[in-house]
Amino acid sequence: MEIDLGKVPFTMDFHPSDNLVTAGLITGDLHLYRFNADSTPQRLLEIHAHSEACRAVRFINDGQAIITGSSDRSILATDLETGSPITRLENAHEDAIFSLINLTESTIATGDDQGCIKVWDTRQRSCCNSFNAHEDYVSDMTFASDSMKLLSTSGDGTLSVCNLRSNKIQSQSEFSEEELLSVVIMKNGRKVICGSQNGTLLLYSWGFFKDCSDRFTGLSPNSIDALLKLDEDRVITGSENGLISLLGILPNRIIQPLAEHSEYPIEHLAFSHDRKFLGSISHDQVLKMWDLDDLLQNSVNAQNDQAAVSDSDSDEMDVDTKPPKSRKGAKRKNENANGAASSFFADL
């Protein structure tokens, strides 16, 4: 299933309980679609949400609203039913907003191009925490709810751990030679996986964040722009050559390429609320929704075929050891901005 967005998308998100998907575009526009497996997706909303690129989008308040962050430094909350703006915060950051995630039912986090992370409380209607966690853009974030730790990766090549209970930066890794672009927590909280600009996966043991405990180079030299945890042992990756792959973690291996979105970099991956679909966006201006069961079944079949070939010819190279050979693409461009922060969510 495909949706032609008309312009390059930077971000997407699925509704937490309904067949709805939203996308933020380079133009600053926000789109909302209803989809079903047996019909053409229907566009419900098209809003010019920001004056510059819409870089981050999430459903909030149990899916009753959509929140967006932009390179124009603003944050906008939009009513899902009417498409009307609930409230807008200008100058939410001193620099362009790059990333945004949900933390709890009443809090979100945003990261900007200068490495600043802010935590917003939607009930208290204000910024409740601010961390100068990095020296470059905050490329991705993930949240460990049991320990109230916010983990972030950055273009400065570091992984940071912010403790939301103590309001302190608890730990930061040594600088990597490559930009860190994506992060997930796996192995029941014991491992943190980071994707890098040169295609290396860095594995950190929980509580030992100074240096990685393992590296996996099977996807090199293509940058790993997106990570999506399938389960505690497997992660789906989106690379700059447009490939979506399934990887195993400890043992580290390429289980199988799942799909090819396009020849352009994967910007974002996400699951639909029922995990029937895997969504992907890229610079080809198309949002694609893949039947997840079909992708995984094809992966199983391919592994069985590969095993049969390996049994008949012991010299055949295993798929786990074949890195794709494709030239690096360009990561989306950072934009300069200035401003001051103020309170938010006054009407939520």
Side-chain angles (χ1 to χ4, degrees), residues 1-7 9-72 74-90 92 97 99-110 118-127 141 143 228 267-281 286-289 343-348:
M1 193 185 315
E2 298 185 359
I3 300 174
D4 185 357
L5 299 171
K7 298 293 181 181
F10 278 170
T11 182
M12 64 170 290
D13 194 31
F14 284 100
H15 191 277
S17 60
D18 202 354
N19 287 350
L20 298 172
V21 64
T22 186
L25 310 184
I26 191 173
T27 57
D29 290 350
L30 175 70
H31 288 191
L32 176 68
Y33 297 87
R34 178 170 293 280
F35 64 90
N36 287 289
D38 56 355
S39 62
T40 302
Q42 175 188 5
R43 187 166 66 195
L44 304 180
L45 293 176
E46 181 179 5
I47 303 163
H48 188 61
H50 299 278
S51 61
E52 297 181 26
C54 181
R55 287 179 166 183
V57 63
R58 289 293 185 274
F59 285 96
I60 60 170
N61 293 354
D62 295 322
Q64 298 179 52
I66 303 171
I67 192 162
T68 51
S70 171
S71 51
D72 66 9
S74 70
I75 298 174
L76 172 68
T78 300
D79 184 86
L80 184 69
E81 294 297 327
T82 66
S84 301
I86 299 172
T87 189
R88 180 188 297 272
L89 170 63
E90 303 289 352
I97 296 170
S99 51
L100 183 157
I101 64 165
N102 292 320
L103 301 179
T104 67
E105 291 182 357
S106 61
T107 55
I108 64 166
T110 53
K118 293 188 177 184
V119 178
W120 305 89
D121 190 316
T122 59
R123 292 175 181 170
Q124 296 299 322
R125 304 174 181 180
S126 63
C127 176
M141 294 180 284
F143 183 57
L228 183 63
E267 282 288 348
H268 195 79
L269 298 170
F271 291 130
S272 61
H273 70 96
D274 52 9
R275 290 172 71 101
K276 288 184 178 179
F277 293 99
L278 169 67
S280 62
I281 53 172
V286 176
L287 190 160
K288 295 187 178 182
M289 286 178 280
S343 63
F344 188 37
F345 306 113
D347 300 313
L348 286 182

Quiz item: Is it true that a side-chain atom of K288 and a backbone atom of G279 form a donor plus acceptor pair closer than 3.5 Å?
Solution: no
Quiz item: S51 and D72: side-chain donor and acceptor closer than 3.5 Å?
Solution: yes
Quiz item: Does the side chain of I101 reach to within under 4.5 Å of the side chain of L103, using non-hydrogen atoms?
Solution: yes
Quiz item: Tell me, do D79 and Q64 make a side-chain contact under 4.5 Å, heavy atoms counted?
Solution: no
Exercise. Decide if atom NZ of K7 counts as having more than 12 heavy atoms of other residues, nucleotides or ligands within a radius under 6.0 Å.
Key: no
Practice problem: Report yes or no: does N61 contribute a side-chain atom to a donor-acceptor pair with the main-chain N or O of G63 at less than 3.5 Å? | Solution: no
Quiz item: Do I3 and V286 have side-chain heavy atoms sitting under 4.5 Å apart?
Solution: no
Quiz item: Ignoring hydrogens and geometry, is there a side-chain-to-backbone donor-acceptor pair from D29 to G24 under 3.5 Å?
Solution: no
Exercise. Measure the shortest side-chain to side-chain distance between L228 and F271 over non-hydrogen atoms and say whether it is less than 4.5 angstrom.
Key: yes
Quiz item: Given T22, which of L30, T78, T11 fulfils the side chain to side chain contact (heavy atoms under 4.5 Å, CB included) condition?
Solution: L30
Quiz item: Rounded to the nearest 0.5 Å, how far apart are CD1 of I26 and CD of E267?
Solution: 9.5 Å
Practice problem: State, with a plain yes or no, whether a side-chain heavy atom of L25 is found less than 4.5 Å away from one of C54. | Solution: no
Quiz prompt | Donor-acceptor under 3.5 Å (H15 side chain, S17 main chain) | solution = yes
Practice problem: Using a 4.5 Å cut-off on heavy atoms from C-beta on, say whether the side chain of S74 contacts that of R88. | Solution: yes
Quiz item: By side-chain contact (heavy atoms from CB on, under 4.5 Å), which residues pair with T104, not counting sequence neighbours?
Solution: S106, T107, F143
Going by atom type alone, with no hydrogens or angles, which donor-acceptor pairs under 3.5 Å involve a side-chain atom of residues 39-47 and a protein atom two or more places apart or on another chain?
from: R43; atom 1: NH2; to: E46; atom 2: OE1; distance (Å): 3.2

Quiz item: Considering only heavy atoms from C-beta outward, does the side chain of V21 approach that of D13 to under 4.5 Å?
Solution: no
Quiz item: When rounded to the nearest 0.5 angstrom, what distance separates CZ in R34 from CG in D18?
Solution: 4.0 Å
Self-check item: Donor-acceptor pair between W120 and T110 side chains, under 3.5 angstrom
Solution: yes
Practice problem: Could you give me the CA-CA distance, side-chain angles and deciding distance for L278 and M289, then say whether side chain to side chain contact (heavy atoms under 4.5 Å, CB included) is met? | Solution: CA-CA 5 Å; L278 169 67; M289 286 178 280; over 6 Å; no
Quiz prompt | Working for side chain to side chain contact (heavy atoms under 4.5 Å, CB included), residues S70 and I97 | solution = CA-CA 5 Å; S70 171; I97 296 170; 5.9 Å; no
Practice problem: Give the minimum heavy-atom separation between M12 and A270, together with the two atoms involved. | Solution: CE-CB, 4.3 Å
Practice problem: Determine, using ring centers only, whether F14 and Y33 are less than 6.0 Å apart. | Solution: no
Self-check item: Residues which pass side-chain hydrogen bond (donor to acceptor under 3.5 Å, both in side chains) with N36, listed by chain and number, not counting sequence neighbours
Solution: N19
Quiz item: Within a strict 4.5 Å, meaning less than it, do heavy atoms of the I67 and V57 side chains meet?
Solution: no
Quiz item: Shortest non-hydrogen contact from L100 to G69?
Solution: CD1-N, 4.2 Å
Exercise. Verify, without hydrogens or angle tests, whether S71 (side chain) and A53 (backbone) share a donor-acceptor contact under 3.5 angstrom.
Key: yes
Quiz item: Could you give the distance from CE (M1) to CZ (F277), rounded to the nearest 0.5 Å?
Solution: 4.0 Å
Quiz item: Taking the side chain from H268 and the backbone from I281, do they hold a donor-acceptor pair closer than 3.5 Å?
Solution: no
